[in-house]
S.K.: 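The structure's right below; bear with me while I get my questions together.
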Amino acid sequence: MPELPEVETIAVTLRNGRGGSPAILGHTILQARLLWERSLATPSPSEFYDRIAGQTILDIRRRGKFLTLRLSRYTLLVHLRMSGDLFVESTSAPIAPHHRLILDLSGGIRLAFNDARKFGRVWLVENPEGVLNSLGPEPLDDSFTFHDLHQMLRTHRRPLKLLLLDQSFLAGLGNIYADEALHRAGLHPLSFSSDLTLEQSEHLWRAIRQVLEEGILRNGASIDWVYRGGDFQNYFRVYQRTGKPCYNCGTAIERMVVGQRGTHFCPNCQPLK
DNA sequence: ACGAGCGCCTGTCGGC
DNA sequence: TGCCGACAGGCGCTCG
C-alpha cells in the first residue's frame, strides 16, 4: 500500500502522535514478540530479541519508502511493501489479526507491525546504510533540482513508468503516484526517458513534487480494506479511473500493463510521440 | 543494462 | 451460494 506520502504520514504520526495515537518517541522497548518469522529480515529472532530489549526510540524518519527508527545503539528499519502498517496501541488491547511483530514499550503502549500479505520486512542493524545504500535521491529534497532529474533521465533509455518505479533511480514513488505524476506532466508512461526535453523534465519534476506534497497534505491515500486515515484517493486523476472521463479533456482513461503493473493514463493528454 | 516472468502472501471483487 | 480468475499501494531473483 504505502508509497512516500503514506510512509511520511506514518513517520510523523509515530513521532508526534495523532488523534489518540500517542507518540512513541522517547519510549523504551521492553521486549519484542515476533509472530511471523519471515517478517524479520535480519538478524536471527534470538539475536533480535536480545538486541532490541532496552533500546530507546530516539528518532523516527523516512528514507524512500523505508521507516527508520533510530534506537540507542541500533537502527530499526521497516518496509511496509504492499499491505504493511504500524499501529500504536495499548498493551492490554487484543492481538489483531495479521499482527506480525509487536514491540512492547514503556508507558503501557506497544508498537505493532500489521501486514496481511506478509511482504513487509523489518531489519535491526548497526548501520542503516547497508540497507538503504542503493536508493536514489529523495524527490522532495531542496537539493533535488529539475536539472538533476533531466540529467538522470538522459542517462537511461527506458520507459518513464519503469524508471519512476525503480527505487534506485528515485526513492519513494510507487504505482499510484507514478501514474498521477505522469498524467500531470502530460507524459505517456511508455515515453523514453532519453527523449525528454529540458522543459518536459521540468514538468515531470514539478508534477512529481506536487503529487507527493498533495499526498502528504492529505495524509496519504486509503484504498480497499487497508485504511490509514488519509483521503488522497478522492483526488486521483487517473489511478483506478479506467473508462472514466479525464478531468482535463473528457477522454476515457485507459489502463495498460507496464512492468507487470496496472498503468492508468489519458491517451489524449499523454500522447505517445 | 534491461525487462519479462515468477515467487512471496492474503484478501476482495466480479462473472458464471 | 460457491467457485475461479483477476487484481491489489512492492521488490528480489533468475533468465534471456
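A, B, ... follow the sequence lines: proteins, then strands. Residue 1 opens every chain.
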S.K.: Between dC7(C) atom P and Ile176(A) atom CD1, what is the distance in whole Å?
M.R.: 17 Å

S.K.: Please work out if Pro97(A) contacts a base, only the sugar-phosphate, or nothing of the nucleic acid, heavy-atom cut-off 4.0 Å.
M.R.: nothing

S.K.: To the nearest angstrom, how far is Asn175(A) atom CG from dA8(C) atom P?
M.R.: 8 Å

S.K.: At under 4.0 Å, does any side-chain N or O of His79(A) touch on OP1 or OP2 of dC11(C)?
M.R.: yes

S.K.: Consider the side chain of Glu3(A), meaning its heavy atoms from C-beta on, and name the nucleotide among dG3(B), dC9(B), dG10(C) that approaches it most closely.
M.R.: dG10(C)

S.K.: Any ion pair linking Arg63(A) and Glu138(A) (charged N to carboxylate O, less than 4.0 Å)?
M.R.: yes

S.K.: For Tyr177(A) and dA8(C), give me the distance from atom OH to atom C1', rounded to whole Å.
M.R.: 16 Å

S.K.: With rounding to whole Å, what would you report as the distance between dG5(B) and dC7(C) at their P atoms?
M.R.: 14 Å

S.K.: Using only modelled atom types and a 3.5 angstrom limit, is any donor from either the side chain of Gln260(A) or the base of dG5(B) paired with an acceptor on the other?
M.R.: yes

S.K.: Is Arg38(A) touching bases, backbone alone, or none of the nucleic acid, heavy atoms closer than 4.0 Å?
M.R.: sugar-phosphate

S.K.: With respect to the side chain of Lys65(A), which nucleotide from dC9(B), dA8(C), dG10(C) is positioned closest?
M.R.: dG10(C)

S.K.: Without decimals, in angstroms, what is the distance between Leu135(A) CG and dG10(C) C1'?
M.R.: 13 Å

S.K.: With respect to the phosphate group of dC11(C), does any side-chain polar atom (N or O) of Arg117(A) fall under 4.0 Å of OP1 or OP2?
M.R.: no

S.K.: Map Gly259(A) and Lys118(A) onto DNA chain B by nearest heavy atom, then report which one ends up closer to the 5' terminus.
M.R.: Gly259(A)

S.K.: For Asn268(A) and Thr251(A), indicate whether the former's side chain and the latter's backbone hold a donor-acceptor pair under 3.5 Å.
M.R.: no

S.K.: Residues in ring pair (Phe, Tyr, Trp, His ring centres under 6.0 Å) with Tyr239(A), at least two apart?
M.R.: Phe236(A), His264(A)

S.K.: Is Arg158(A) near enough to dG3(B) that one of its side-chain N or O atoms lies under 4.0 angstrom from OP1 or OP2?
M.R.: yes

S.K.: Can you tell me, in whole Å, how much space there is between the P of dG5(C) and that of dC6(B)?
M.R.: 15 Å

S.K.: dG3(B), dG11(B), dC11(C): which one has an atom nearest the side-chain heavy atoms of Pro159(A)?
M.R.: dG3(B)

S.K.: Enumerate the residues from residues 234-243 of chain A whose closest heavy atom to DNA chain C is under 4.0 Å, giving them by residue number; use none for an empty result.
M.R.: Tyr239(A), Gln240(A)

S.K.: Mind calculating the distance between CD1 (Ile223(A)) and C1' (dC13(B)) to the nearest angstrom?
M.R.: 15 Å

S.K.: Tell me which one of Arg157(A), Arg154(A), Lys273(A) satisfies salt bridge (Lys or Arg N to Asp or Glu O under 4.0 Å) with Asp195(A).
M.R.: Arg157(A)

S.K.: Do the side chains of Asp179(A) and Lys161(A) get close enough for a salt bridge, i.e. N-O under 4.0 angstrom?
M.R.: yes

S.K.: Under a 4.0 Å N-O cut-off, is there an ion pair linking Glu3(A) with Lys65(A)?
M.R.: no

S.K.: Below 30° counts as parallel, above 60° as perpendicular, anything between as tilted: where do the rings of His156(A) and Phe169(A) land?
M.R.: perpendicular

S.K.: For Phe113(A), is the NZ or CZ atom of Arg100(A) found under 6.0 angstrom from the centre of its six-membered ring and inside 45 degrees of the ring axis?
M.R.: no

S.K.: According to the Watson-Crick and G-U wobble definition with distances under 3.5 Å, which dot-bracket string, read 5' to 3', encodes DNA chain B, using [ ] for crossing pairs and | for pairs with another strand?
M.R.: .|||||||.|||||||

S.K.: Go through the side-chain N and O atoms of Ser83(A) and Arg117(A) and say whether any donor and acceptor fall under 3.5 Å apart.
M.R.: no

S.K.: Tell me whether Phe119(A) is stacked on the nucleobase of dC9(B), counting only the six-membered base ring and applying the 5.5 Å and 30° thresholds.
M.R.: no

S.K.: With the side chain of Arg261(A) defined as its heavy atoms from C-beta on, choose the nearest nucleotide among dG3(B), dG10(C), dC9(B).
M.R.: dG10(C)

S.K.: Could you tell me how far apart Leu173(A) (CG) and dC11(C) (P) are, to the nearest whole angstrom?
M.R.: 11 Å

S.K.: Counting side-chain heavy atoms from CB outward, which of dG3(B), dG12(C), dC9(B) is closest to Arg81(A)?
M.R.: dG12(C)

